[in-house]
Amino acid sequence: MRSFFVFDFFENPKTMEIKIGYRFIFSSVNETLKDAEIDNIIDEVVSISSEIDGIRVPRYEESR
C-alpha cells in the first residue's frame, strides 16, 4: 500500500455514532497489482479493525 488518508468524517451527537471514510492507494514499481493481492490486504485491515470494540464495516460485511 502506498498511502491512505481520511476523506470523510461525520459525527452524529444524537446517536453517538462516528463514520469515517478512508481512501487507500495501492501501487508497485515492480509489478502490476492483482485484485486478489489487494483484496487480501483489505481483508486484513478490516479484520484487525473489526477486533476493536464498536467498529463495523457495513458495506464490506454486506459484500462478503
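Taking OG from Ser47 and CG from Asn40, the interatomic distance works out to 12.0 Å, rounded to the nearest 0.5 Å. Note: Glu37 CD to Asp35 CG = 9.5 Å, rounded to the nearest 0.5 Å. Note that CD1 of Ile48 and CD of Glu51 are 7.0 Å apart. Values are rounded to the nearest 0.5 Å. In this structure, CZ on Phe9 lies 12.5 Å from NZ on Lys19, to the nearest 0.5 angstrom. Atom CZ in Phe5 sits 12.0 Å away from atom OH in Tyr22 (nearest 0.5 Å).
Of all heavy-atom pairs between Ser27 and Leu33, the closest is N-CD1, 3.6 Å. Scanning all heavy atoms of the two residues, the minimum distance from Ile18 to Glu11 falls at CG1-CG, 3.9 Å.
Side-chain heavy atoms closer than 4.5 Å link hydrophobic residues (I, L, V, M, F, W, Y) into clusters, and following such links, possibly through other members, connects Val57 to Val6.
You'll find the side chain of Ile25 stays beyond 4.5 Å of the side chain of Phe4, heavy atoms only. Within the 4.5 Å cutoff, the side chain of Phe24 has heavy atoms near those of the Val45 side chain. Proximity of Ile42 to Phe26: side-chain heavy atoms (C-beta onward) are separated by under 4.5 Å at one or more points.
Remark: side-chain polar atoms of Glu44 are not paired, donor with acceptor, to backbone N or O of Ile41 under 3.5 angstrom.
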